[in-house]
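Nothing here was measured: the structure is a model prediction, and the numbers come from that model.
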Amino acid sequence: MTEKTTCPRCHAEMPPGGPLEALCPACLLGPGTPVNWQPPPHLSPLPDIEEVRNRFREFEILEPIGLGGTGVVYRARQPRLDRVVALKVLHPHVAADPTFSGRFLREARALAKLNHPSIVAVYDFGEVDGSYFLLMEYVDGVSLRERLEANDLDAGDVLEIVPQVCAGLQYAHEHGVVHRDIKPENILLARGSSGGAAGPVAPVVKVADFGLSRQLGPVDTTRLTRTHLVLGTYEYMAPEQRERSREADSRADLYATGVVLYEMLTGELPIGRFTMPSQRRPDDCDGRLDLLIGKALEK
């Protein structure tokens, strides 16, 4: 009989099979995650952090900061360069496909070439004892999801954040990379990037987790995820992406950005027959934003 364990932070019952000292998925993923969240069946349990430390001895593994369908992200320190980084270790199931290694190298090289102030940088990538990893820029801040949960966004913030998201996506698209999973969790706002002695300044926005991206082209050979899985997060996916995930192109990112824009302005998702933001917020929402959202959400 398996002994039941509880989360050391919230004391919720832990999913079976995980390490004893790990946080539960809800605490690990942070605000906005339902308490009863369970990892999808294809995810492996969180690895023992000491095992990760022993495997990646080049880094000081500090703490897990994110969990997704492709891997676990750790905040780590790289002593050789004296910098804090984000280390993403891919789940073993992701690399189960015998053709994965070649696809991973092509994809990682494409991501490492993306050099834009609105994209989380990829510093390095590789494989250690069978574990594939991405070494990325660490953004000290909060996600857009956390700002939405705090309900402290106004129309001015929206007009500062969305153009930076679009600028990062435009750059990625021009370099043949589609994100495929734009959502508030993957939009990071650097800490200390608003306010100050000189008055409010624009938040510094970083688009994170291009883990579901693929290079554009007629041959779908560079994807990081299994071919039988639907890529993306359902509420933010264009109808065409839901139906034909492998054929999604840059327009899918524009659709998802439209969903995020609507959510930022209204606090809700544009599901079914929805009311435009200017009707919901006539005092501070420009009607021209309705046109942008309507265009982005067109089939």
* Same hydrophobic cluster for Leu159 and Val162, using side-chain heavy-atom links shorter than 4.5 Å among ILVMFWY? -> yes
* Quick one: closest heavy-atom pair of Asp284 and Ala155, and the distance? => O-CB, 3.4 Å
* **Cluster overlap Val128 with Leu81, hydrophobic side-chain contacts below 4.5 Å** => no
* Using a strict cut-off of less than 4.0 Å between a Lys/Arg side-chain nitrogen and an Asp/Glu carboxylate oxygen, indicate whether Arg55 and Glu51 qualify as a salt bridge. => yes
* Sidechain N-carboxylate O distance under 4.0 Å for Arg145, Glu263 -> yes
* Asked: Atom CG of Asp181 and atom CZ of Phe210: how far apart are they, to the nearest 0.5 Å?
  -> 11.0 Å
* Asked: Can Arg242 be said to sit on top of Tyr234's aromatic six-ring, NZ or CZ under 6.0 Å from centre and within 45° of the ring axis?
  -> yes
* Asked: Atom SG in Cys166, atom CD1 in Ile161: separation rounded to 0.5 Å?
  -> 12.0 Å
* Asked: Do we get Arg53 above Tyr74's six-membered ring, with its NZ or CZ under 6.0 Å from the centre and within 45° of the axis?
  -> no
* Decide yes or no for Thr266 and Pro277: does some side-chain heavy atom of the first lie under 4.5 Å from some side-chain heavy atom of the second? => yes
* Asked: Counting heavy atoms not belonging to Arg251, are there more than 12 under 6.0 Å from its CZ?
  -> no
* Asked: More than 12 foreign heavy atoms under 6.0 Å from CG of Asp152: is that the case here?
  -> yes
* So, do Val260 and Leu144 sit near enough that their side-chain heavy atoms are less than 4.5 Å apart? -> yes
* Asked: Would a hydrophobic clustering, with Ile, Leu, Val, Met, Phe, Trp and Tyr connected at side-chain separations under 4.5 Å, put Leu254 with Leu269?
  -> no
* Distance only, no hydrogens: is a donor on one side chain within 3.5 Å (strictly under) of an acceptor on the other, for Glu174 and Gln170? -> yes
* To the nearest 0.5 Å, tell me how far Lys113 NZ sits from His175 NE2. => 9.5 Å
* Structure fact -> On a heavy-atom basis, the closest approach of Tyr255 and Met237 is CE2-O, 3.4 Å
* Glu127 side chain vs Gly130 backbone, donor-acceptor pair below 3.5 Å -> yes
* Is Gln164 reaching over with its side chain to a backbone N or O of Glu160, donor-acceptor style, under 3.5 angstrom? -> yes
* To do: Would you check, one step at a time, whether the test side chain to side chain contact (heavy atoms under 4.5 Å, CB included) holds for Leu67 with His91?
  => CA-CA 10 Å; Leu67 169 66; His91 293 305; 3.9 Å; yes
* To do: For the pair Phe125 and Lys88, evaluate side chain to side chain contact (heavy atoms under 4.5 Å, CB included) and give the outcome as yes or no after the intermediate values.
  => CA-CA 9 Å; Phe125 55 88; Lys88 181 171 185 176; over 6 Å; no
* **Sequence neighbours excluded - side-chain hydrogen bond (donor to acceptor under 3.5 Å, both in side chains) pairs with any residue from residues 286-299** => Ser278-Asp290, Asp286-Arg288
* List the atom of Ile119, the atom of Gly168, and the distance in Å for their closest heavy-atom pair. => CD1-O, 3.3 Å
* Given the rule in the salt bridge (charged side-chain N to carboxylate O under 4.0 Å, His left out) test, do Asp253 and Arg180 qualify, once you have shown the distances and angles that lead to the verdict? -> CA-CA 6 Å; Asp253 286 347; Arg180 301 166 70 91; over 6 Å; no
* To do: Write down the atom of Ala208, the atom of Leu188, and the distance for their closest heavy-atom approach.
  => CB-CD1, 3.8 Å
* Structure fact -> So CG of Leu87 and CG of Leu62: to nearest 0.5 Å the spacing works out to 10.5 Å
* Asked: How many angstroms lie between CG in Asp157 and CE in Met264, if you round to the nearest 0.5 Å?
  -> 7.0 Å
* To do: Could you tell me whether Glu268 and Arg280 have a side-chain N and a carboxylate O separated by less than 4.0 Å?
  => yes
* **Met276 side, atom CE; Leu265 side, atom CG - distance, nearest 0.5 Å** => 11.0 Å
* Asked: Does the pair Val165 and Leu169 meet the rule for a side chain to side chain contact (heavy atoms under 4.5 Å, CB included), with working shown?
  -> CA-CA 6 Å; Val165 174; Leu169 290 175; 4.0 Å; yes
* Asked: Are any side-chain N or O atoms of Lys206 and backbone N or O atoms of Val139, one a donor and one an acceptor, separated by less than 3.5 Å?
  -> no
* To do: Might you point out which heavy atoms bring Glu58 and Pro79 nearest each other, and give the distance in Å?
  => O-CD, 3.4 Å
* Kindly indicate, with the supporting measurements, whether the criterion side chain to side chain contact (heavy atoms under 4.5 Å, CB included) is fulfilled by Leu135 and Phe59. => CA-CA 10 Å; Leu135 186 67; Phe59 307 101; 3.7 Å; yes
* To do: Measure across His179 and Asp209 and return the closest heavy-atom pair with its distance rounded to 0.1 Å.
  => NE2-O, 2.9 Å
* **Donor-acceptor pair, side chain of Glu60 and main chain of Arg77, under 3.5 angstrom** => no
* Classify the angle between the aromatic ring planes of Phe56 and Phe133 as parallel (below 30°), tilted (30 to 60°) or perpendicular (above 60°). => perpendicular
* Heavy atoms, side chains only, cut-off 4.5 Å: are Asn186 and Val207 in contact? -> no
* Is the Tyr262 to Phe274 ring centre distance short of 6.0 Å? -> yes
